[in-house]
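We number each residue from 1, following the sequence as shown. Whatever order the structure lists them in is the order used to number ligands and atoms, beginning at 1.
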Amino acid sequence: MNVDLDDHLEEARRRIAEAADEAALRAVERAYVDKGGVVAEMLASIPGLPPEDRKAVGVNANRLKTAIQEALEARRSELADAELEARRGARGFDPTVPGTPQRRGSLHPLTQLQRHVEDVFTSMGYLVLDGPEVELDEYNFQKLNIPADHPAREMQDTFWCDRDQHLVLRTHTSPVQIRAMEQLEPPFRTIVPGRVFRNEELDATHSHTFHQVEGLCVAEGVAVGHLVMTLRTALREVLMKDDLDVRLRPGYFPFVEPGFELDVRCPFCADGCRICKHTTWIEFCGCGMVHPNVLRAGGIDPERFSGFAFGFGLDRLAMMWAAIDDVRHFLEADLRFLEQF
Ligand code: PHE
């Protein structure tokens with residue numbers, strides 16, 4: 001009996017080893033393992049055997065079956081590997097090697113915040129406008145009620161672009177107030193996010209290049225209350241704090257009358273911290289009622305219409321928004337900083 005088993009197994013293994021494809025393996029499987037195959041025949045012969053032989057034949061038949069199935073399995077995986085190898089070779093490259101991971105970028109924190117601010121003001125009916133960064137002196141100063149010899153020009157260290165001082169890198173986004181008035185019929189509301197430039201020494205809180213958001217609303221009967229309500233609502237939305245309060249202090253800007261500085265209640269503390277310099281208020285922006293001379297310069301009748309305007313620093317707001325302690329990070333393009341957003 002054992003001789004039988006060994007012979008069968010040897011023969012089957014030889015055929016399996018020689019099998020070059022699945023069809024050949026199936027043939028071996030049919031001959032030995034399937035219905036009517038060698039194993040089945042051995043089992044079928046048991047009832048005709050002397051009782052003392054029956055058990056051994058049964059055991060042998062099952063061993064043979066298991067051994068052949070294992071050999072088939074092994075050869076199948078060998079053939080599959082060989083086929084993959086052949087395909088790789090044919091293509092001249094290996095499609096199974098893992099690819100180079102793509103590094104995913106992200107938007108600059110100022111861009112993210114700018115979009116957030118735009119969303120908030122857009123939802124309040126504001127139009128988002130743009131203006132030139134290289135601006136005419138006329139728009140940056142004169143039409144904003146800052147004549148050539150006005151001392152307020154000293155407030156803004158200007159980068160002049162030409163000898164005759166007609167062109168400047170805009171020192172604020174306010175010139176777009178004039179451009180907006182020239183283009184739009186009141187009533188209108190608009191914000192202007194943009195880059196501005198001043199000739200300042202770079203340090204943790206000052207930069208030669210920074211970002212402002214100008215706001216301008218012109219209609220009949222616009223009053224200071226509208227300005228306060230608008231900025232309070234917008235700031236609550238932007239900083240996602242329901243009860244954030246604002247206050248006005250008198251402030252001087254030649255293009256508004258009356259003019260104010262608007263402070264916002266420190267969103268980080270209740271009774272004073274480093275960020276609010278222990279006052280619980282943070283200076284947020286300049287604002288006020290648009291000066292009649294400015295309305296006139298924009299072609300709008302100050303007898304009929306009034307307006308409010310504001311201008312805040314996006315960099316400063318971003319520092320509050322994302323707890324950033326140095327404005328220079330915004331300009332340095334250091335990935336260790338940028339990757340955090
Ligand atoms: N343009 C002013 C600045 O840069 C801010 C401001 C805008 C003030 C609008 C009043 C009204 O400081």
Report all N/O contacts between ligand 1 and the protein shorter than 3.5 Å as a table of atom names and distances to 0.1 Å; if there are none, say 'none'.
| unit_1 | atom_1 | unit_2 | atom_2 | d |
| --- | --- | --- | --- | --- |
| ligand 1 | 1 (N) | His172 | ND1 | 3.0 |
| ligand 1 | 1 (N) | Ser174 | OG | 2.9 |
| ligand 1 | 4 (O) | Arg198 | NH2 | 2.9 |
| ligand 1 | 4 (O) | Gln212 | NE2 | 2.9 |

Are the ring centres of [X] and [Y] closer than 6.0 Å?
{"X": "Phe159", "Y": "Phe197", "answer": "no"}
{"X": "Phe121", "Y": "Phe310", "answer": "yes"}
{"X": "Phe255", "Y": "His291", "answer": "no"}

TODO: Can you run down the salt bridge (Lys or Arg N to Asp or Glu O under 4.0 Å) pairs that involve residues 298-312, sequence neighbours left out, and say none if there aren't any?
DONE: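 Listed once each, the pairs are Glu220-Arg304.
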
- [ ] Hey, could you give me each pair passing salt bridge (Lys or Arg N to Asp or Glu O under 4.0 Å) that has a residue in residues 307-317? Not counting sequence neighbours.
- [x]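 Found none.
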
Counting only pairs under 3.5 Å, give me each side-chain donor-acceptor contact of residues 33-49, with atom names and distances, residues two or more places apart or in other chains.
| unit_1 | atom_1 | unit_2 | atom_2 | d |
| --- | --- | --- | --- | --- |
| Asp34 | OD2 | Arg26 | NH2 | 3.3 |
| Ser45 | OG | Met42 | O | 2.7 |

